[in-house]
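What you are looking at is a predicted structure, and each value in this text was computed from that prediction instead of being measured. Note: hydrogens, waters and symmetry copies are ignored here, and every other heavy atom, side chains too, is used.
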Amino acid sequence: MSDPWLHIVGIGEDGMDGLLPATRAVVEAAEIIIGGERHHTLADNLVAERMAWPHPFDALIETIEGLRGRRVVVLATGDPLWYSVGAKIGRAIDPAQIVYHPQLSAFQLAAARMGWSLPDVETLTVHGRPVEQMIAFIQPDARLLVLTTGEETPAQIARFLTERGFGQSKMTVLAAMGGKNEARFDGVAANWDHVVPAFNTLAVECIAAPDAALLPRVPGLADHLFQSDGTMTKQEVRAATVAKLMPMRGALLWDIGCGCGSVAIEWMRAARYARAVGIEPRADRRAMAAANALALGVPKLELVDGVVPDALEGLDAPDAIFIGGGLSRETFDAAWDALRPLGRMVANAVTLESEAELIALHKERGGDLVKLSVHRAEPVGRLTGWRPLMPVTQWSLVKR
């Protein structure tokens, strides 16, 4: 195994002065230094050749690979492995060839400024990512630290908070932490009007009003939170369905016949970095699913226009599959073959024909077969009675 040739160095607002002596020596001895304009400014007065981030940024790995045999330093902000470029590089280049030199992260600095314990805080990034993804973390009494995209991000987050009944949430923007130009801006979401530097970290202490929207990350959101044409998987059945699908960190779901996207959205909300592909042939339902995903904080829901089983071809192998529409033996066979080991399959049926197919599959394959019957209390004149929803037959099993 070759010796490490690539050094990824975290640097703070105090520049070269803040580096450990050994790390500073590595940077001073570099032949080539790669980083953003801000990083180069923080590490000036060096003789190394300078390279900016490539455009497009995805060309970074190819650029670095082309420098093998040289003394290469990549500069990053704070901890290179915490929502930073070091993680991207480490996934593409053997980590044994890399030496990481971490600096205090923005999260550590912000937690210290706020007097918050990091284990009790949700750490998020919307830097270069859809800012709507932080919506899923708006909970009563939650404390959030957010790496922002720019000067406009705090105002966008203030709007999300206010629209959901969290307008009295305390917000603090911290900029240039650890440097001579460090600045702090405090306020509340409902009347946030600060003009802040573009490079900043946001701290939010969520405070819920009595009428605030409660959007827990466990499955079972209220039906009215989703745009729908009425053919969605209803709240109680959806909670049971997502529980059987077992959302896990970074896992991928195929939602076949996703409709308005309710199951896929609840799956993505339930576990950090969970992914979902919704297969839906109707454009109007795909539009509703996209709008619901954005409103509920999982804007990266991928939607595929197509009919199963053909639409499944070429998709990444899933960790879980939900068949909520389009059930057939052909669809099951194609989906089951694609499912990864220990993958979870759940299929729901409301028609007698689909139920018969599930009963036959259960007889052949085993698993759990249940019938879910839900009654909701609704007005009957001046009184109250039970109104049944259509019963749902659910078949679930794990691929061994």
How about Phe332 and Trp395: are their ring centres within less than 6.0 Å of each other? yes
Under a 4.0 Å N-O cut-off, is there an ion pair linking Lys88 with Asp58? yes
Salt bridge or not between Asp14 and Lys180? Use side-chain N to carboxylate O under 4.0 Å. no
Answer yes or no: is there a donor N or O on one side and an acceptor on the other, between the side chain of Tyr100 and the main chain of His7, under 3.5 Å? no
Please check: side-chain N/O of Glu205 versus main-chain N/O of Leu144, any donor-acceptor pairing under 3.5 Å? no
Salt bridge flag under 4.0 Å for residues Asp284 and Arg286: no
Between Arg376 and Glu236 (salt bridge meaning N to carboxylate O under 4.0 Å), is one present in this structure? yes
Greater than 12 external heavy atoms within 6.0 Å of Lys399's NZ: yes
When rounded to the nearest 0.5 angstrom, what is the spacing between CD in Glu122 and CZ in Arg143? 13.0 Å
Determine whether the aromatic ring centres of residues Trp53 and His55 are separated by less than 6.0 angstrom. no
Side-chain donor/acceptor of Arg269 to backbone N/O of Leu296, under 3.5 Å: yes
CG/Asp319 to CG/Leu253 distance, rounded to the nearest 0.5 angstrom? 9.0 Å
Ion pair present between Arg282 and Asp229, side-chain N to carboxylate O less than 4.0 angstrom? yes
Arg71 and Glu49 ion-paired at < 4.0 Å: no
Rounded to the nearest 0.5 Å, what separation is found between the CZ atom of Phe226 and the CD atom of Gln235? 9.0 Å
Distance in Å, Gln97 CD paired with Ile64 CD1, rounded so as to fall on 0.5 Å steps: 12.0 Å
Kindly confirm or rule out a cation-pi arrangement of Arg238 over Phe322, judged by NZ or CZ under 6.0 Å from the six-membered ring centre and within 45° of its axis? no
Is it the case that more than 12 heavy atoms not belonging to His127 sit under 6.0 Å from its NE2 atom? no
If you count heavy atoms of other groups shown closer than 6.0 angstrom to CD of Glu62, is the number above 12? no
Separation between CZ of Phe107 and CG of Leu118, rounded to the nearest 0.5 Å: 8.5 Å
If you draw a 6.0 Å radius around CD in Glu313, do more than 12 non-hydrogen atoms from other residues or ligands fall strictly inside? no
Is the closest basic N to carboxylate O distance between Lys234 and Asp223 below 4.0 Å? no
Single-linkage hydrophobic cluster Leu252~Ile279, side-chain heavy atoms < 4.5 angstrom: yes
Salt bridge (charged side-chain N to carboxylate O under 4.0 Å, His left out) for Glu37 and Arg50? Distances and angles first, verdict last. CA-CA 10 Å; Glu37 181 180 355; Arg50 303 300 186 117; over 6 Å; no
What is the distance from atom OG1 of Thr149 to atom CG of Asn200, rounded to the nearest 0.5 Å? 9.5 Å
Strictly below 4.0 Å, N to O, side chains only: are Lys300 and Glu132 in salt-bridge contact? no
Taking atom types as modelled and ignoring hydrogens, do the side chains of Gln227 and Asn292 form a donor-acceptor contact shorter than 3.5 angstrom? no
